[in-house]
*Asks:* 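Quick one: the structure is below, and I'll ask about it shortly.
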Amino acid sequence: MKLELTILPTSFTVIEKLTMCDAFIVGEEQFGLRLPKYFTKDEILKIIELCHKRNQKVYIALNKIVHEYELNEIDAYLNDLHDLNMDGIIFGDLSVYQLARKYNLTHKLIYNPETYITNYKTVEFFARKGIKRATIAKEITLEDINLIGSKKILEVEVLGHGAANMFHSMRDLVTNYFKFLKVDEKHINEELYMIEEKRDEKYPIIEDKNGTHVFSGYDLCTINVLDQLTENNISNIKIDGLFKDDDMLLEIVKVYHQAITDYNLDKELYLKNKANYLDLLHNIKNIRPFNEGFLFKKTIYKGGEINER
Amino acid sequence: MKDKRIITKKPELLAPAGDLEKLKIAIMYGADAVFIGGKEFSLRARASNFTIENIKEGVEFAKKYGSKIYVTTNIIAHNENLGHLEEYLISLNDAGVEAVICADPYIIETAKKVVPNMEVHLSTQQSTSNSEAVNFWYEEGVKRVVLARELTIGEIEDVCKNTEADIEVFIHGGMCVSYSGRCTLSNNMTDRDSNRGGCAHSCRWNYQLFDKENRQLSIKSGYYNLGSKDLMAVEFIPAMIEAGVDSLKIEGRMKSIHYIATVVGTYRKLIDDYCEDPDNFVLGDLYFDEIAKAENRLTSIGALGGKPTEEEQLYHIRSEKPTQEFIGIVVEYDASTQFATIEQRNYFTPGESIEVFGPGFRKDYHVIDKIYDEAMNEVEVARHPRQILKIKLPFEVKPYDIIRKTR
C-alpha cells in the first residue's frame with residue numbers, strides 16, 4: 001500500500017504549488033489547534049475545490065479541547081461540515097465524536113488526541129467506534145508503531161516531519177508572566193522560545209487564543225523509516241509546516257515525496273538513496289534541527305527520583 | 001415557619017494515601033473514600049507501593065469506618081504494558097477494592113469485562129471538560145468521571161446538569177498547569193513517561209524566555225516557568241455541593257500524615273457544617289486558617305473562578321516553606337497517669353504551646369512541661385526523628401491525634 005503524504009500547509013500558495021502530495025489538513029482558528037496557518041471558511045471552500053480537482057484529499061482540523069459553553073458551536077460546525085465535501089475531520093475531544101454521530105459523520109473522523117494512542121488495544125477500541133483513522137502518539141518507538149500498524153485494525157497515521165507539541169495549557173502563560181513582572185510586553189500569537197537552565201534545547205512557546213503551547217526544539221524526522229512505516233500499514237505521514245516558511249516546507253515535502261516515489265518504484269532504490277535524502281534535508285536553508293524523536297528511544301516506565309534532571 | 005433545609009446527600013470526600021498509615025489517618029479524619037496506587041498500571045510511581053496484601057488490609061480498615069478504597073490504574077499503556085492486566089484487576093476485586101481509576105480505554109474495557117461489579121472511574125488524565133465527552137465514557141460503562149482541572153465552577157454546574165454520570169472534581173492539592181495527560185515535557189526532557197508514572201515536573205523548572213530575535217524577555221535576576229500554584233477550593237465547596245458534585249477529591253499521595261489529617265479534617269468539617277444548615281452557613285476564616293497550618297505551598301483557586309491569571313502562577317517565587325509545626329503523633333494515652341506516649345516528628349522543647357488535633361475537629365491546647373523518653377528519663381529537647389517520648393497532658397488524647405505547635 002502506498003504511504004499517503006499529508007501536509008499541514010503554511011499558506012494557500014503552498015497548497016497551489018504542492019500538486020504532488022495526497023492530502024492537506026486545514027482548519028479555522030476557532031476550531032483548530034496549533035496549525036501553521038488558519039484559513040477562513042471561504043478559503044477552505046476554495047481549497048477543497050482546488051484539491052478535489054487535483055484528486056487530493058482535505059481534512060478539517062477540529063482538534064480543540066472543548067468546554068461546555070462551546071458545545072453548541074461545535075454542533076453547528078459539524079452541521080456545516082456535513083454539507084461540505086471534505087474528506088475527514090480531525091478531533092481530539094470526544095465530544096466531537098458524540099456530536100458527529102447525529103450528522104452521520106463518524107466514518108470521517110480522525111482521532112488525534114496527541115498522547116493517548118500508544119497501544120494497539122486502544123486502536124481496536126476506536127476501530128469499533130467506526131471512525132476513519134487514528135493518530136499514533138509521537139512518544140512511542142518505531143517498534144511499537146509497527147506493531148500497531150501491522151495489526152491492520154484501523155487506518156493509523158504518524159507525524160512524518162515536524163515539531164512535537166509537548167504541552168498545552170488553557171492559561172495565558174506569556175501574558176500572565178509580564179503582568180506578574182508589571183512589564184508592558186505583548187507577545188500573543190508570536191513564536192517565542194524558552195531554554196531550561198541546565199539544557200541548550202530551544203523550546204518554542206506560543207500563546208494564542210487557546211492558551212499556551214510548548215514544542216520540542218527538534219523536528220521529528222522519519223525519512224529513514226518510510227519503508228518500515230509502509231510495510232507495517234501506516235496509512236499516512238504528516239509534514240507539519242509549523243515554524244517553517246513556505247519555501248522550507250516545500251523543500252521538505254519534495255524530499256519526502258522523492259523518497260516515497262523511489263520506494264514505490266523500487267525499495268532498493270529507496271534504501272540506496274537514504275543518505276541522500278538526509279543530505280537534501282540538511283541542505284535546506286535554515287532548516288529546523290531534526291532528529292528521530294522516540295523512534296529508537298523508549299521512554300522510562302515509572303522511574304526513580306522525581307526531581308532528577 | 002419554613003423548615004430548616006438540611007442536605008442529606010453529601011458529596012463524598014475522597015483523600016489520597018501513599019501508604020497504609022496515611023490511609024488510616026485519612027479515614028479516621030473523615031474521608032469517605034481513599035485512593036491509592038498499586039505496584040502496576042499506576043501514575044505517581046514513587047507513591048504507588050501498595051501490594052495486594054496492603055490493599056486488603058486497607059480495605060478491611062476502611063470497612064470498619066464505612067469508607068471505600070479506590071485504586072489508580074491510570075497509565076496510558078504502551079504495547080509492553082498490556083500483559084497481566086486481567087489477573088491484576090481480578091486480584092483488586094478480590095481484595096474488596098470498590099473502584100479503579102483509569103485513563104486508558106483498554107484498561108477501562110478490560111475492567112468492565114473481567115470485573116463488571118467493580119466501578120470504573122475515568123481519571124483526570126483524560127482532561128474531560130464537557131458533558132458530551134463525559135457521556136461518551138458513561139455509555140462505555142464508566143460510572144464516574146473526574147473532570148479536567150480547567151473548569152470554572154459554572155462549567156462544573158452545567159456538566160453536572162447535563163449528564164447522568166457521577167462527577168468528581170479536584171478541590172485541593174498539586175495542579176498540572178497543562179491539560180493533564182496531554183503533557184510530554186517529561187518525556188522530551190528526561191525520557192521519563194509522564195503518562196506512565198514518570199512526571200518530572202518540568203513545568204516547574206527554571207527557564208529563560210526569548211523572542212525570535214534572541215532578545216531575553218524573562219528578567220535577568222530570575223526565571224520564567226510554567227508551574228501552577230496548588231489548588232485550594234475551600235470557598236467553592238458550598239457551590240459544588242449545591243451543583244450536585246458526587247465526589248470532592250484531595251490530591252497528594254506523596255503528602256505527610258500531618259497534611260492529610262489537617263486537610264481532610266478541615267474539608268470534612270466544612271462539608272458537614274454546610275450540609276447541616278446550608279441557608280445560614282457562613283464561610284468563616286476557621287477553614288482557611290486550619291488548612292494553612294499544614295499547607296506549605298502557595299495555593300490558589302485554579303480555574304474555578306475563571307481563566308487563571310498571574311495570581312495562579314508560581315513564576316520564580318520559591319513556594320515551599322518547611323513546616324515545623326507538626327511535632328508528633330499520639331501513640332497512646334494513659335488516663336490514670338495523664339501521660340501521652342508520642343512519636344516525635346519535629347524538634348520541640350519544654351515550654352512550647354501546642355495544639356492537639358484529632359478526628360471530628362477535636363482540639364485541645366496545652367503548654368509542654370517536661371519531656372521524657374520511653375524509660376521515663378527526662379530529656380532537654382525532642383530532637384530525634386520518630387523517637388518515642390512521653391509528655392503529660394491534662395486531657396484525654398487518642399492514637400493518631402496530631403500534635404502541632406501553635407504559631
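Predicted, not measured: the structure shown is a model, and the values here were computed from it. Keep in mind that the numbers below use all heavy atoms, side chains included, and drop hydrogens, waters and symmetry copies. Within every chain, numbering begins at 1; the chains are lettered A, B, ... in the order of the sequence lines, protein sequences first and strands thereafter.
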*Asks:* Just how far is it from atom CG of A:N165 to atom OG of B:S178, taken to the nearest 0.5 Å?
*Replies:*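 A:N165 atom CG to B:S178 atom OG measures 11.0 Å (nearest 0.5 Å).
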
*Asks:* Starting from the C-alpha separation in whole Å, work towards a yes-or-no answer on side chain to side chain donor-acceptor pair (under 3.5 Å) for A:D144 and B:N79.
*Replies:* CA-CA 7 Å; A:D144 278 339; B:N79 294 325; 3.1 Å; yes

*Asks:* Go through the atoms of A:I205 and report whether side chain, backbone, both or neither lie under 4.5 Å from a heavy atom of chain B.
*Replies:*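 The side chain, not the backbone.
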
*Asks:* Report which part of B:E109 has an atom under 4.5 Å of a heavy atom belonging to chain A: side chain, backbone, both, or neither.
*Replies:*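 Side chain only.
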
*Asks:* Check each atom of A:L173 against the heavy atoms of chain B and say whether the ones under 4.5 Å are side chain, backbone, both or neither.
*Replies:*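 For A:L173, heavy atoms of backbone and side chain both lie under 4.5 Å from chain B.
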
*Asks:* Between A:V183 and chain B, with a heavy-atom cut-off of 4.5 Å, which part of the residue counts as in contact: side chain, backbone, both or neither?
*Replies:*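 Contact with chain B involves no heavy atom of A:V183 at all.
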
*Asks:* Tell me, side chain or backbone of A:Y193 under 4.5 Å from chain B's heavy atoms, or both, or neither?
*Replies:*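 Both backbone and side chain.
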
*Asks:* Contact part of B:E140 toward chain A, heavy-atom cut-off under 4.5 Å: side chain, backbone, both or neither?
*Replies:*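 Side chain only.
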
*Asks:* Could you tell me whether the side chain of B:S129 and the main chain of A:V66 form a donor-acceptor pair under 3.5 Å?
*Replies:*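 Here the side-chain-to-backbone pair exists.
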
*Asks:* Please classify the contact of A:E190 with chain B as side chain, backbone, both or neither, using a heavy-atom distance under 4.5 Å.
*Replies:*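 For A:E190, the side chain is the part near chain B, not the backbone.
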
*Asks:* If you draw a 6.0 Å radius around NZ in A:K209, do more than 12 non-hydrogen atoms from other residues or ligands fall strictly inside?
*Replies:*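 Above 12, so yes.
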
*Asks:* Between A:E139 and B:R196 (salt bridge meaning N to carboxylate O under 4.0 Å), is one present in this structure?
*Replies:*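 A salt bridge is absent here (no side-chain N lies under 4.0 Å from a carboxylate O).
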
*Asks:* Under 3.5 Å, is there a donor-acceptor pair linking the side chains of B:N130 and A:D93?
*Replies:*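 Yes, a side-chain donor-acceptor pair sits under 3.5 Å.
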
*Asks:* Answer with yes or no after comparing the ring centroid distance for A:Y97 and B:F136 against a 6.0 Å cut-off, counting only values under it.
*Replies:*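 Under 6.0 Å, so yes.
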
*Asks:* Which answer fits B:S218, side chain, backbone, both or neither, if we ask what part of it has an atom under 4.5 Å from a heavy atom of chain A?
*Replies:*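 It is both, since atoms from each part get that close.
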
*Asks:* Counting only heavy atoms not in B:N214, do more than 12 fall under 6.0 Å of its CG?
*Replies:*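 Above 12, so yes.
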
*Asks:* At a 4.5 Å cut-off on heavy atoms, which part of B:L82 comes close to chain A: side chain, backbone, both, or neither?
*Replies:*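 The answer is the side chain of B:L82.
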
*Asks:* Inspect the contact between A:E185 and B:R215 and indicate whether a charged nitrogen and a carboxylate oxygen are less than 4.0 angstrom apart.
*Replies:*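 Between A:E185 and B:R215 there is a salt bridge, with a charged N closer than 4.0 Å to a carboxylate O.
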
*Asks:* For residues B:D104 and A:T122, is any side-chain donor paired with an opposing acceptor at under 3.5 Å?
*Replies:*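 A:T122 and B:D104 do have a side-chain donor-acceptor pair below 3.5 Å.
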
*Asks:* Need one label for A:K202: side chain, backbone, both or neither, based on atoms under 4.5 Å from any heavy atom in chain B.
*Replies:*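 Contact with chain B: side chain only.
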
*Asks:* Can you measure from CD1 (A:I195) to CD (B:Q208) and round to the nearest 0.5 angstrom?
*Replies:*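 Spacing of CD1 (A:I195) from CD (B:Q208) equals 8.5 Å.
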
*Asks:* Counting only non-hydrogen atoms closer than 4.5 Å, does A:F178 touch chain B with its backbone (N, CA, C, O), its side chain (CB onward), both, or neither?
*Replies:*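 Contact with chain B: side chain only.
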
*Asks:* Whether the A:Y177 and B:Q313 side chains hold a donor-acceptor pair (N or O, under 3.5 Å, no angle test) is what I'd like checked.
*Replies:*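 No, no side-chain donor-acceptor contact under 3.5 Å.
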
*Asks:* Determine whether B:L226 and A:M194 satisfy the following criterion, side chain to side chain contact (heavy atoms under 4.5 Å, CB included), listing intermediate values before the conclusion.
*Replies:* CA-CA 11 Å; B:L226 306 164; A:M194 34 186 248; 3.8 Å; yes

